[in-house]
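Take a look at the structure below.
Letters A, B, ... mirror the listed sequences (proteins, then strands); counts begin at 1.
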Amino acid sequence: MFAALSEKHEHKKVLPDLEGAENGVVMRFAPNPSGPLHIGHARAAALNDAYVKQYGGRYNLRIEDTDPKRVDPEAYEMVIEDLKWLGLGITDTVTQSDRLHLYYEICSQLIGRGGAYVCTCDNEQFRELKNKKIACPCRAQSVETNFELWDKMLTHGFKEGEASVRIKTDLNNPDPAMRDFPAFRILDAPAHPKVIAHVYPLMNFSVVADDHLLGVTHVIRGKDHIANTRRQRYIYDHFGWKVPVYRHYGRMGIEGVVLSTSQMRLGINDGTYTGWDDIRLGTLRALARRGISPEAVRNAMLAIGIGDTDISFSWDNLYAENRKIVDPVANRYFFVHDPVTAQIEGMQPHTAHAMLHPGDAARGTRTLEFTGTVLIPKSEISPDVTMLRLKDLFNVKISWNGSIPSFTYAGDSLADARVAKAHIVQWLPAQDTIACTILTPEGEIAGACEPAVRSELGKVIQFERVGFVKIDAVKDSGVVAYYTHK
RNA sequence: GCUGCUAUAGUGUAGUCCGGCCAAUCAUGCGGGCCUUUCACGCCCGCGACUGGGGUUCGAAUCCCCAUAGCAGCACCA
């Protein structure tokens with residue numbers, strides 16, 4: 001009977017089967033080290049991870065840094081940190097700039113097979129020919145000539161733009177993007193931060209080389225790569241290599257945060273954003289700072305799945321996942337927004353106890369000393385309010401002399417408060433509070449909270465009736481909290 | 001424009017391959033209620049969708065065609 005009940009709760013979202021995965025998989029996550037990871041990356045990272053966990057196998061992290069223009073030296077570490085935070089089962093890590101020699105070697109093999117040629121055409125000129133489905137003169141060169149030119153490329157006999165390696169495809173392919181696409185180019189500047197080189201593979205080449213070398217069996221990536229998959233197939237065909245199974249998921253629209261690396265960098269440099277973890281950004285570190293748990297991110301991404309339709313990312317759904325994780329563990333505290341001092345007549349000082357968590361008495365209580373004067377939220381006091389219940393304390397009667405309220409003890413009975421439909425409000429002993437600022441995407445909420453909140457630095461707590469927040473900083477002047485969600 | 005892909009409630013998702021068991025699943029959201037010294041959590045009830053039009057068929061969310069819409073790619077970026 002209980003088994004049946006609990007089964008219902010163990011309903012896990014199962015991803016669709018991958019063809020040919022029965023005996024395990026080798027997958028990869030292949031980011032560009034141009035900045036920290038954001039929610040968009042999380043989808044690819046989490047989906048591939050989930051399949052590796054589902055079928056067993058290896059999970060490669062492959063840093064794709066073959067374009068020195070798009071490499072931020074600091075990003076290598078940020079990517080690793082972000083992935084570690086996300087909690088993925090990465091088993092192997094490779095960096096493409098360490099492997100240039102492998103790509104050169106494979107390129108030589110491909111030239112030897114007649115599958116690629118060195119093209120010395122002007123870029124514009126080639127494009128024109130390509131669009132007319134006409135082979136450029138270089139295409140007909142002998143293998144020997146190609147080897148000579150390739151050697152000249154590697155020994156820096158060509159300057160940037162003077163030569164490239166192209167893959168022989170099908171000039172009659174209806175999609176011009178498929179026709180003899182480039183595989184290597186020469187770049188004289190900027191210098192690569194990790195390696196001295198001037199001949200760099202293009203993504204479509206290095207990806208195939210690495211997927212083959214690493215034994216990648218399944219690839220899950222965004223549909224912006226569909227055309228690349230088609231291009232890459234030509235290389236597999238030239239070698240007769242086994243092609244991985246691909247899945248291309250649809251575009252994910254994400255609103256409300258900045259995702260563009262260049263825009264983020266600009267904003268950080270000009271002081272618009274405080275850093276890569278500014279909560280207005282969509283980076284994983286920003287989510288972490290706001291109190292979103294990595295597990296929630298993963299769950300949200302798995303719920304979205306690998307469908308090929310375009311979707312809009314729902315913050316509500318992410319928040320719901322996060323709430324499931326955070327609600328059972330977050331301690332509860334009082335936060336008084338826009339505090340008003342109220343002197344309460346008719347009651348002796350005494351100590352109030354409030355539970356740290358309503359569902360877990362074992363966690364204990366906080367103590368609040370009532371000495372006569374309390375802070376209550378301004379919004380709870382208006383001339384039509386004549387009674388309030390201070391949570392875990394007692395009832396208060398409010399008498400109005402014009403617009404001046406006065407407060408009197410009105411008994412301990414919770415039942416009375418219920419009958420009077422009195423709001424149950426947060427309060428703080430006036431003599432024992434600290435300032436608290438809650439930062440939300442919409443702005444700051446200033447108020448006060450219990451001093452004990454200081455001990456929750458770095459943790460997510462719940463301010464009762466306000467929402468979950470993460471304590472970001474504890475200073476002499478008070479605490480700073482980031483609003484997580486309701 | 002060219003080359004492709006897709007179209008289920010506000011959002012995400014299951015079902016589509018192999019047509020009937022789908023007056024369409026689950027989650028989230030929203031509304032109402034119960035519980036509760038939180039407007040949280042939990043529980044209960046409700047709201048809400050097969051893009052449109054043709055066709056095939058006894059029967060279509062599911063197959064075919066057309067239309068419409070959206071998206072991706074069309075770089076010596078990844």
Output a table of donor-acceptor pairs, distance under 3.5 Å, between side-chain atoms of residues 30-41 of chain A and any protein atom two or more places apart or on a different chain; print 'none' if there are none.
residue	atom	partner	partner atom	Å
A:His38	ND1	A:Gly40	N	2.9
A:His41	ND1	A:His38	N	2.9

Fill in: salt bridge (Lys or Arg N to Asp or Glu O under 4.0 Å) pairs, two or more places apart, involving residues 411-424 of chain A
none
Discussion item. The criterion is side-chain contact (heavy atoms from CB on, under 4.5 Å); which residues satisfy it with A:Pro174, sequence neighbours excluded?
Written reply: none
Discussion item. Run the ring pair (Phe, Tyr, Trp, His ring centres under 6.0 Å) test against A:Phe184 and tell me which residues pass, sequence neighbours left out.
Written reply: A:Trp150, A:Phe205
Fill in: Interface with RNA chain B, restricted to residues 164-179 of chain A and to heavy atoms under 4.0 Å
A:Pro174, A:Asp175, A:Ala177
Using a cutoff of under 3.5 Å, can you pull out all pairs of nitrogen or oxygen atoms linking the protein to nucleotides 68-72 of chain B, with atom names and distances?
residue	atom	partner	partner atom	Å
B:C71	O4'	A:Asp310	OD2	2.7
B:C71	O2'	A:Lys223	NZ	3.2
B:C71	O2'	A:Asp310	OD1	3.3
B:C71	O2'	A:Asp310	OD2	3.4
B:A72	OP1	A:Arg251	NH1	3.3
B:A72	O2'	A:Lys223	O	3.0

Item to complete: Please list residues of residues 64-76 of chain A whose heavy atoms come under 4.0 Å from any atom in RNA chain B, ordered by number; otherwise none.
Response: A:Glu64, A:Thr66, A:Asp67, A:Arg70
Worksheet item: Pairs in or reaching into residues 175-187 of chain A: which pass salt bridge (Lys or Arg N to Asp or Glu O under 4.0 Å), with residues at least two apart or in two chains?
Response: A:Asp67-A:Arg185, A:Arg139-A:Asp180
Worksheet item: Where does RNA chain B pair, written as one dot-bracket string 5' to 3', with Watson-Crick or G-U pairs under 3.5 Å, ( ) inside the strand, [ ] for crossing pairs and | for another strand?
Response: (((((((..(((.......[.....)))((((((.......))))))...(((((..]....))))))))))))....
Practice prompt. Please name all residues satisfying side-chain contact (heavy atoms from CB on, under 4.5 Å) with A:Gln462, sequence neighbours left out, ordered by chain then number.
Written response: A:Arg332, A:Glu464, A:Phe468
Fill in: Base-contact (B) and sugar-phosphate-only (S) positions in nucleotides 31-37 of chain B, heavy-atom cut-off under 4.0 Å, - elsewhere
------B
Practice prompt. List in chain and number order the residues that pass side-chain contact (heavy atoms from CB on, under 4.5 Å) with A:Arg230, two or more places apart in sequence or in another chain; answer none if no residue qualifies.
Written response: A:Met178, A:Ile226
